[in-house]
Structures are given as structure tokens and as C-alpha cells.
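Protein chains get the first letters and strands the later ones, always in sequence-line order, with residue 1 at the start of each.
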4 protein chains.
Amino acid sequence: MTEKTNRKCQIIEVASKLFFEQGYHATGIKQIIEAADIAKGTFYSHFKSKEELGLEWLECGNRKWKTCRDSFLEQFATPKEKLIALFDYQAKGAEECSYRGCAMLNMLAETPELGCPMRKAIRGYKKGYLCFIRELVNQHLPDASDDDREQRAGAIYLLSEGATVAAQSFCKTGPIDIAKVQVEKILAE
Amino acid sequence: MTEKTNRKCQIIEVASKLFFEQGYHATGIKQIIEAADIAKGTFYSHFKSKEELGLEWLECGNRKWKTCRDSFLEQFATPKEKLIALFDYQAKGAEECSYRGCAMLNMLAETPELGCPMRKAIRGYKKGYLCFIRELVNQHLPDASDDDREQRAGAIYLLSEGATVAAQSFCKTGPIDIAKVQVEKILAE
Amino acid sequence: MTEKTNRKCQIIEVASKLFFEQGYHATGIKQIIEAADIAKGTFYSHFKSKEELGLEWLECGNRKWKTCRDSFLEQFATPKEKLIALFDYQAKGAEECSYRGCAMLNMLAETPELGCPMRKAIRGYKKGYLCFIRELVNQHLPDASDDDREQRAGAIYLLSEGATVAAQSFCKTGPIDIAKVQVEKILAE
Amino acid sequence: MTEKTNRKCQIIEVASKLFFEQGYHATGIKQIIEAADIAKGTFYSHFKSKEELGLEWLECGNRKWKTCRDSFLEQFATPKEKLIALFDYQAKGAEECSYRGCAMLNMLAETPELGCPMRKAIRGYKKGYLCFIRELVNQHLPDASDDDREQRAGAIYLLSEGATVAAQSFCKTGPIDIAKVQVEKILAE
DNA sequence: AATGAATGAGCCTTCATTCAT
DNA sequence: CATGAATGAAGGCTCATTCAT
């Protein structure tokens, strides 16, 4: 929380907004520094390159998203309720960001090189999300077989991802409602 | 089928490969005309702009994808079998394109403006895909209620989209297998 | 001599002046295009990169220099006279260019990477100059041993190069006069 | 010999290596301070500007070069032997620095402005080198005429400079051997 | 002394598009 | 229809230097 950290965070915040709203490639350094009201050299004293900023954006965004999500889910008591409420949280987010989708999936689309740092990072974050769902499923069905739980967790994860991009495609939360209903079925069986 | 059409198609074909492999923004007109071995002016006599080429790419790509898909599904007799085989087809495609995902979802990520032609087009193609699934579900469950069928079709659609982006995220077909198993359950109930 | 050639040549001419007067690194593309009164894109439609222009500059400069030199030496009858007059030509050039030295040696100083295209090119041009001197020496002393002729040609070449950089160092033609006198001795023996 | 002096010398040493290896313009302040492991401000508390560092580099380099040279020549008894051995010293240096040439001549190439401090300094150092040669020639030929001695000294100086840039051009010591042989002739007559 | 964040002009290069031929 | 030269704004990034701490 030193001053240096603050300035860097401010740049990340400004860039996050622009990257998310316009896309990574479509957002230029010039636009970022103008929005952050700093000089070009200042930017490059904080970040080695645009890619580094991109990576920090994703990491920072993931951290914040998890914090908000967990905070939202605190009001729900059981794992089952939490898993279902996850889709309410998703619907809320989709609306709030004008159906811009998921920052990571969007970045994935702009990043074709298979082994690059960006894709590695995204894979890590997505794996983390899957684990989060798996853990809740495990808590909800402690006596089910591993395979069964893995299948259910995977399906819920896929419904969540599918709902994200479908909401983005159609600019409405309808798909997320469908996903929520399906998740209720998956957890009821 | 005139010469003009052939030439235009050739450009679209070349551009399709590049757009899909590298992304829309990351692919320049220069690269396209060099790969197609034509002059700049020739390109602009066939396409008003890069965006127009992008739109034709999506349309052409969607048409081809549907043709291939339907051809692949012909070998399966029942709607249920077709719906399940759809995920085998998806897995094959994911591997073949090195997990580059869906051209339309990728384009969506690069296209933030809500009402632009690109997004309208993508919405149309995605709606078409959902309809295709809905129709098969209707055939499979002619006696189910509208709501029930709509829910099942929607869930299958979401699993398909989710499997696409998950396979892209993790560079493996595992998520598609999960989706396939889940679809079998949805159609068995 | 098409229009295209003319335009490219014009750029090379403008750049030659600037590169020679200011140095290669110290001359920016912006300055070149402003002096040539063309747009940036135009420049890059003629040259792949600044380095390519640099290479063409050296090649073009070498060609022109040889032409002028040979034209100047035509008035002299014997190989010996030509070799001596070479230093008058050099003195004239040194004065005319305000003792800026040799474009190639200057470029060499700005190009440390041993195997790069620039150094290869420069080595070729310098080898050509040495050969030119050697041939005249051979004509002058047809009966001398190979070793002897090689030594004399080499020494004359070194005196020429030394005179160039010394004139550049001291901003006067004195060193070239010294070299000329020494060459006369070398050829008289 | 205070701490300050040491720190300054350390910067000069680090910069010397980089300037010589990469060229003056091609070496940035950032690279120098990183290699010297100091802060930007520290650099500018020791040097008014990059140019000042450049000037100190040349001066320091000249001083060191003379010391090494004189130390090397101590083992030789007569002025004639010293003058000839000078070219062995030169060959050794050319090899050791990967044929990067003479720091001063390289700097000259990057410094077109005729009256600037850098050129004045270089002129001084080169004049010093010529004087050093002249003195040895005078000792070797105390009875020759002034003109004769001046011509011989000048020729040896030119052969030395020519050998330097030729070795740099061709990345071999051959030219220095040629120069040495020629110097032997000049001193034998 | 020493620090390193900040500056903003400048670097080389690519962009999508136009238009005279 | 086809050509490819021309445009100039924008791309990501580095430069030498200053200055408050």
C-alpha cells in the first residue's frame, strides 16, 4: 500500500476497465496513459510491456472477482444453495457489465499462441474456478463416488461457462436462468 | 460460380484461416492479400472494408460448419443419437484446430459494440444453432411440455458452448466428454 | 528507370545525404520522410526496414563513388599515375564533404554485430577497393613477385584508409598529402 | 581516490565496455546504470550529461591505452624496435576486442558536428599519438631532415590508423601485419 | 550522496483505406 | 477488374534528463 503500489494499481484499474470494455488488442497504451493521466515513460517504469500489464490485469481481476463472489455467497448456508446462487451472482455480473462476458475467455480469444504466459495464466484461473465448484459439490454429496462428483462438478462448470458466453451472445440473462435450473436438477438427483 | 465469385471465395478462404488462427484484429489486410497473392486494390474491389470480409467470413464459416456437421450426423438414426454424436463432432473439431475454440465466440470477444453488424450476425448464427438443437430435442421428446423441452434444449446448448470454451481453455477434449455424458443424462430422463 | 525506381532512388538520395552528414543512428525515419516529402507508409512500401535502406545506401554510394573515381582517373595514362592521382581524388572528396570521412567506415563504427548484413556488405566493398588497387599495382609491376605486389598494394590500401580517417580526425587534407608522397615512394622502388 | 572518485570511475569503467562494444548512441543510460547497479539520479550527480560521460570515457580510455602501450614497449630497447613492436601491440588489441576498432575513430563516426567537444578531444588524442610516433622517429633518425622525419612519422601514423580500420573491416589481423612490414621498410631506408 | 518516479519527444514499424493508373 | 503507390494516424516502446524525496 505504498505510494508506488497505489500508482501501479491505479494504472491497472484504468486499464482493466478499458481492456474489458474494448478488448485487449483494441486498447492502446496511449489510451491507457491518457485515461490514467500519466506520461508514457511512467507507464513503462511500472510495466515492462503491455503484455505484463495484461497479465496483471487478469490476476488482479481474478482476485477481485473471487473476493466479491465469496462475499456474495456468504449469505447462503449450504453448498447446494451456494452453487445455485452462483448463477444469480453471474446474472448480476452479466447485466452490470453490459454482457461483455468473461475477461479471461475474451482474452483467450485474442491469444492464439498455445504456450504463451497469457494462456497459462488463464488456464490456472479457470482450473481454480473448477476446483471451487468441485469442492462445493464434494461438500454437498460427500457419499457419492469420485466419478459421479467429478461429472457433476464438470457439468456445472460447463453450464457456467456456457451461460457466460451465451449471455454475451444474446445480450440477456436468459441463458443463465436455464443454467441455474439445470444445476438445481444436477444437485437434486 | 463466375470468376469473380471464385476470386472472392478464395480471399474469404485465405482470410478465414488467418482470422481463425490469429484472431481478427491480429490479422492485417496486408497479410491476407499476400497469402491470397492479390493486390490491395483487388481486395477492396471485392470487399468494402475489413469488417465486410469479417462478416462474410462468419457467414461462410457458419454455412460450411453446418454442412459438415449435418453430413457427419447423417450416419446417426435417431435425434437422440444425433444430439449425443454432436459432441463427438465437437471433440474432433477441437482437436483439429488446436483448441482454437469457436470463431464466433472469439469474434464476439473482439467486438464490444453491442449493436454492431458483427454482433447481430453472431447472434443470428448462435440462435440458429440453438434452434437446431431444439428441433432435435422436440423430435426426441414430442410429448414433453414446451417448457421442459426448452429447458433441455437450452441446457444442451449451454453445455456445448461451455465445452467449446473449456476445451479452448485447457487445450484438451476432456470437457467435451463431460458435456456429452451430461447430455446423455438430459435425454434419458 | 520507371517511376517507381525514381521514387525509391529519390528516397535513397535524400537518406544518403542525411546518413552521411549525421550518422545512421542519429538519422530518424521521420527526418528522412520529411526531407523526401513523403508519408511514412510510402517509405515502408519501398523499404522493408531502415536497415534495408541503409544497405541500399551503402551499395548505391559505393557504385557512385567507383563511377566518379574511375571517371576522374581516366585522364591519367599509367597505372602508377592513377594510383597517385587516387589520393588527389580522395583529398578533393574529403574537402567537399567537410571531412566527414568514409560512409562505410562510419557505418562500421555504428555496427558492432560481427556477422550482420551491414558488416558483410562493407567487407565486400572494402575488398573491392583493395582489389582495385592491387590490379593497378600488378599492371605497374608486372615482373615483381606476388608477395611483393601484395605488400605494396596492401600498404597503399592502408595508407588510403588511414588518410581518410586522419583527414576526418584533423579536418584537413594534410594526411592525404603525406599518404600520396608515401605511395609515390612505394611505387618508385 | 575518495569514495566518490571510486564510484565515478566504476561508472566510467562499466560505460567504457558498453560504449566500445555497442557504440555510443546504441548504449542507453538505462543500460549503464543497470550494469553499474546504481540509480538514475546517482548517475546524474556524477555526470552532467551522457556527453560528459562520453568525454571522460575517451580521456580515461586514452590514458589507459597509453599506459598499457608504453608498458608493453618497455621491453624493446631502440626506438626502431618500439615503432615496429607498436604493430604487434595493435594486433594483440585488435584480436582481444573482437575487431571492434578504435574507440575514438568509432566515436568520430558518430559525431558529425565539426567543432563539438567530442571532436576536439579526439583530435587532441590523435595528435598525441602522432607526436608519440614522431618522437620515436626523431630518436631513430636524429640526422634526417625535419621534412623527411615528418613524412616518415606521418606515414607510420597513417599505416597504424589504416591497419586499425582495415582489421575492423575484415575481422582479421592481416592488415596490421602488412602495416608492420611497411613500417620496417620505412625505418630501414 | 543517493534514489527512482515522472516526463514527453522520439524511436521504428504497421494499420486500414484511397485512388490514379 | 486489377494494380500498388500513397496516406498519416496509431501501434508498442526507449530516450536523455529532471526533481522531489
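Below 30°, between 30° and 60°, or above 60°: for A:W57 and A:F19 the angle between ring planes is between 30° and 60°, a tilted geometry.
Side-chain polar atoms of C:E110 and D:N106 form no donor-acceptor pair below 3.5 angstrom.
Between A:H46 and E:dA6 there is a side-chain N or O to OP1 or OP2 distance below 4.0 Å. In this structure, B:T42 reaches the F:dT3 phosphate: one of its side-chain N or O atoms is under 4.0 Å from OP1 or OP2.
Take the nearest nucleotide of DNA chain E for C:G41 and for A:D37: the residue whose nucleotide is more 5' is A:D37.
Here E:dT17 presents its P atom at 10 Å from CG of B:L53, a figure rounded to the nearest Å. Remark: C1' of E:dG4 and CD of D:E34 are 12 Å apart, rounded to the nearest angstrom. Between the CZ atom of B:F47 and the C1' atom of F:dA2 there is a distance of 15 Å, rounded to whole Å. Atom C1' of nucleotide E:dA2 and atom NZ of D:K8 are separated by 16 Å, given to the nearest angstrom. Straight-line distance from the CD1 atom of D:I11 to the P atom of E:dA1: 13 Å, rounded to whole Å. As a whole-Å value, the separation of B:I33 CD1 from E:dT14 C1' is 13 Å.
Using a 4.5 Å heavy-atom threshold, the side chains of B:I33 and B:T42 count as separate.
For B:E13, the salt bridge (charged side-chain N to carboxylate O under 4.0 Å, His left out) criterion is met by no residue, not counting sequence neighbours. Looking at residues two or more places apart in sequence or on another chain, you find a side-chain contact (heavy atoms from CB on, under 4.5 Å) between B:C97 and B:F20, B:R100. When the salt bridge (charged side-chain N to carboxylate O under 4.0 Å, His left out) test is applied to C:E56, the partners found at least two apart in sequence or on another chain are C:K8.
Among all heavy-atom pairs drawn from A:C171 and B:R119, the shortest one is SG-NH2, 3.8 Å. Closest approach of A:S98 to B:L114, counting heavy atoms only: O-CD2, 3.7 Å. Across all non-hydrogen atoms, the minimal contact from D:L53 to D:A15 is CD2-CB, 3.7 Å.
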Check your understanding: Dot-bracket for DNA chain E, 5' to 3', counting Watson-Crick or G-U wobble pairs under 3.5 Å, with [ ] for crossing pairs and | for inter-strand pairs?
Key -> .||||||||||||||||||||

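Contacts between residues 108-120 of chain C and DNA chain F, defined by a heavy-atom separation below 4.0 Å, involve no residue at all.
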Below 3.5 Å is the cut-off: list the nitrogen or oxygen pairs between protein and nucleotides 10-13 of chain F, distance only.
| unit_1 | atom_1 | unit_2 | atom_2 | d |
| --- | --- | --- | --- | --- |
| F:dG12 | OP1 | A:K50 | NZ | 2.7 |
| F:dG12 | OP2 | A:I29 | N | 2.8 |
| F:dC13 | OP2 | A:Y44 | OH | 2.8 |
| F:dC13 | OP2 | A:K50 | N | 2.8 |
| F:dC13 | O5' | A:Y44 | OH | 3.4 |
| F:dC13 | N4 | A:K40 | NZ | 2.5 |

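Relative to the ring axis of B:F43, B:K50 does not place its NZ or CZ within 45° and under 6.0 Å from the centre.
Residue A:E34 holds its CD atom at 11.0 Å from CD1 of A:I32, rounded to the nearest 0.5 Å.
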